[in-house]
Amino acid sequence: MKKDRVLIFDTTLRDGEQTPGASLTANEKLKIAFQLETLGVDVIEAGFPRTSPGDLEAVRTVSRHIKKPVICGLARATRKDIDDAYEALRKARRPRVHVFLATSRIHRKYKLKKAKDEILRASVEAVRYARKKFSDIEFSPEDASRTEPDFLARVVEAVIKAGANTVNIPDTVGYSVPQEFGGIIKRLMEDVPNIGKAVISVHCHNDLGLGVSNSLAAILNGARQVECTINGLGERAGNASLEEIVMGLKMRGDMFGGITTNIRTRELYRVSKLVSKLSGIPVQPNKAIIGENAFSHEAGIHQDGVLKKRDTYEIIKPQDVGFKGSRLILGKLSGRHAFSVRLKELGYFLSDKELDQAFRRFKTLADKKRKIFDEDLATIVEDELAIIPEKYKLLNFEVTSGMRVKPLASVELLEDKKKIRASAGGDGPIDACFKTIDKASGLKGALVDYKVSAVTSGKDALGEASVKIAFRETIVTGRASSTDVIEASVLAYVNAINRLSLRKKKLKGKRRT
Ligand code: KIV
Ligand code: ZN
């Protein structure tokens with residue numbers, strides 16, 4: 001294999017946003033897009049403009065501000081979808097439309113009710129139409145891995161002839177296994193006469209936990225673009241995770257002929273944290289590359305080995321993916337300037353207003369906590385960036401609890417501009433607070449998951465609470481941090497009900513066609 005480069009196509013803002021429970025505002029997408037640009041991705045798929053006015057706006061916002069990567073919008077093989085993508089991408093310096101149409105037998109027969117020839121014709125027509133508006137066109141035969149190989153090859157050849165410069169081969173339902181998926185790519189490389197005129201891309205879902213393995217098998221067989229997401233977010237079990245593919249190629253270059261990517265791997269941890277914070281989807285602690293336990297050594301033998309020689313039990317240097325040891329940096333005497341300089345060093349570029357907000361929180365924390373670590377700063381900033389409109393704002397809460405008293409809470413909230421209050425009992429102080437918030441807001445949530453973890457070290461550590469709550473069939477997550485874990489929990493619950501109201505608002509605005 002000749003030494004070359006694989007393009008990294010990040011679809012966190014499109015397929016990643018299809019993660020159950022995740023939803024991002026245009027502003028949140030922009031914050032993530034800035035970090036993706038710093039990370040060095042080649043393409044950002046910013047959304048699916050035709051699905052909702054919100055998504056169209058998000059793609060437009062990202063197009064206006066992000067300069068280096070190609071900005072891509074998804075479209076079905078229809079003129080309306082392509083027109084909306086064009087509209088949304090108008091201001092992009094390097095726009096790309098990504099047109100898709102399913103080709104597999106099961107999709108043709110049950111979903112589209114179209115014969116092979118009709119699919120072939122519609123694909124070619126869509127690409128030809130897109131050609132009038134875009135010079136960069138990607139085409140995806142959806143469910144390609146379950147498509148008859150001969151028919152797949154015919155579609156690929158025809159869309160390249162019609163003007164597609166990238167052809168993406170999706171394993172839409174994550175059904176393929178590596179030998180098979182690598183074989184699909186190999187066959188296309190051999191059988192499609194004009195294959196050299198397009199970049200072959202892959203898009204692997206993780207239903208069998210094989211998204212990354214399938215993507216790597218495809219690269220070995222000639223694919224030169226991979227579609228992936230930060231933290232492996234995505235529809236159902238998610239997409240192939242960007243950080244795992246990139247580090248797999250970097251660490252095992254010997255197995256991939258030294259093929260490279262443009263990713264600055266030291267940015268991986270930071271972007272992962274930001275995506276988790278803004279999407280409300282926590283990263284599992286044992287997640288490869290960026291999970292909190294990825295560089296923790298519990299067993300005595302391992303600790304001893306690592307102290308003697310790191311490589312005994314650690315294949316990646318934590319710093320290479322952006323993990324940093326806790327470092328004392330700022331205290332309560334530090335000024336706004338020092339604060340902003342340090343944030344820039346950490347890669348956070350805030351507007352003046354955001355910086356003011358973050359600095360106020362920093363000062364409050366510095367009064368309570370003697371030592372401020374980089375992680376404290378990251379938590380403060382990410383909280384400030386989680387721009388969920390505050391329909392509900394916590395004004396105050398009180399809770400009594402003890403061995404011989406029934407826990408009782410009272411909570412005061414601002415709902416829009418109106419003060420609301422309630423008090424209620426519960427099985428414990430946290431339960432009492434949550435029940436009281438339900439009573440005050442008139443919402444009825446069922447707690448699905450609740451976690452509290454220390455995000456910083458020391459007795460006065462900052463605790464982060466995360467909640468997952470079901471409001472009928474809608475599940476939302478909420479997160480918050482404070483030095484007081486009850487306060488963090490109450491704020492996390494309020495954050496969740498604010499996400500719920502945002503979700504309801506977004507749903508109302510959707511005009512799925
Ligand atoms: O999984 C899939 O097939 C997709 C396509 C739109 C590329 O997301
Ligand atoms: Zn997908």
Side-chain angles (χ1 to χ4, degrees), residues 7-20 22 42-52 55 59 70-78 81-82 84-85 88 96-108 110-112 119 122-123 126-127 130 136-147 151-152 155-156 159 164-176 181 184-185 188 198-212 214-215 218 223 225-242 245 279 281 512-513:
L7 300 171
I8 299 295
F9 177 117
D10 181 279
T11 182
T12 309
L13 303 182
R14 198 278 296 169
D15 220 327
E17 207 208 5
Q18 289 172 220
T19 305
D42 299 282
V43 186
I44 294 177
E45 188 164 54
F48 189 171
R50 183 74 193 162
T51 52
S52 75
D55 235 31
V59 177
V70 168
I71 307 299
C72 178
L74 187 66
R76 284 163 298 190
T78 69
D81 274 41
I82 296 167
D84 274 8
R96 172 184 296 185
V97 65
H98 177 185
V99 180
F100 73 99
L101 182 62
T103 48
S104 65
R105 191 170 171 276
I106 185 165
H107 280 239
R108 290 193 315 261
Y110 296 101
K111 188 180 86 174
L112 301 170
I119 297 286
S123 306
V127 173
D136 188 350
I137 298 162
E138 171 166 334
F139 182 85
S140 283
E142 192 190 6
D143 206 16
S145 55
R146 293 194 298 174
T147 301
F151 182 53
L152 181 63
V155 173
V156 171
V159 295
N165 357 48
T166 301
V167 180
N168 179 48
I169 306 299
D171 183 27
T172 300
V173 290
Y175 180 71
S176 229
F181 196 65
I184 293 174
I185 303 303
L188 289 173
V199 173
I200 296 305
S201 166
V202 289
H203 175 113
C204 299
H205 277 272
N206 215 20
D207 300 64
L208 291 174
L210 294 171
V212 171
N214 285 337
S215 306
Q225 175 179 283
V226 277
E227 303 198 351
C228 42
T229 57
I230 300 295
N231 300 340
L233 293 185
E235 187 80 48
R236 304 182 309 280
N239 289 61
S241 119
L242 181 151
I245 294 176
S279 66
I281 309 288
R512 285 195 180 274
T513 45

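Atom set for the values below is all heavy atoms of this structure, side chains included, hydrogens, waters and symmetry mates excluded. Counting starts at 1 for both ligands and their atoms, in listed order.
Interface of H98 with ligand 1, defined as ligand atoms under 4.0 Å from a residue heavy atom, comprises 7 (C).
If you check the side chains of D15 and H203, you find a donor sitting under 3.5 Å from an acceptor. For the residue pair D55 / S52, no side-chain donor-acceptor distance below 3.5 Å is found, with atom types taken as modelled. For S140 and H98, the side-chain atoms include at least one donor-acceptor pair closer than 3.5 Å.
Among protein heavy atoms, the minimum distance from atom 5 (C) of ligand 1 is reached at R14 NH2, 4.0 Å. Closest to atom 4 (C) of ligand 1 among all protein heavy atoms lies H203 NE2, 3.4 Å.
Under 4.0 angstrom from ligand 1, the non-hydrogen atoms of D15 all belong to its side chain. With a 4.0 Å cut-off on non-hydrogen atoms, E235 does not touch ligand 1 at all.
Nearest N/O/S atom of H203 relative to the Zn ion (ligand 2): this is NE2.
One of the N, O or S atoms belonging to D15 lies under 2.8 Å away from the Zn ion (ligand 2).
Where the criterion is an N or O separation shorter than 3.5 Å, residue side chain and backbone included, E142 fails it with respect to ligand 1. The shortest N or O to N or O distance between E227 and ligand 1 is not below 3.5 Å. Polar contact with ligand 1: absent for D143 (N/O pair, distance under 3.5 Å). Where the criterion is an N or O separation shorter than 3.5 Å, residue side chain and backbone included, S140 fails it with respect to ligand 1. Remark: ligand 1 and T172 share an N or O pair separated by less than 3.5 Å (distance only, no angle test).
Although no hydrogens or angles enter the test, the distance criterion places no donor-acceptor pair under 3.5 Å between the side chain of N239 and the main chain of T229.
A heavy-atom separation below 4.0 Å is not found between Q18 and ligand 1.
One finds the CD atom of E227 at 6.0 Å from the CD atom of E45 (value rounded to the nearest 0.5 Å).
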*asked:* Could you walk me through whether D143 and I106 satisfy the side-chain contact (heavy atoms from CB on, under 4.5 Å) test, starting with their C-alpha distance in whole Å, then the side-chain angles of each, then the deciding distance to 0.1 Å, before giving a yes or no?
replied: CA-CA 9 Å; D143 206 16; I106 185 165; 3.8 Å; yes

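Within 6.0 Å of CZ in R105 there are 12 or fewer heavy atoms belonging to other residues, nucleotides or ligands.
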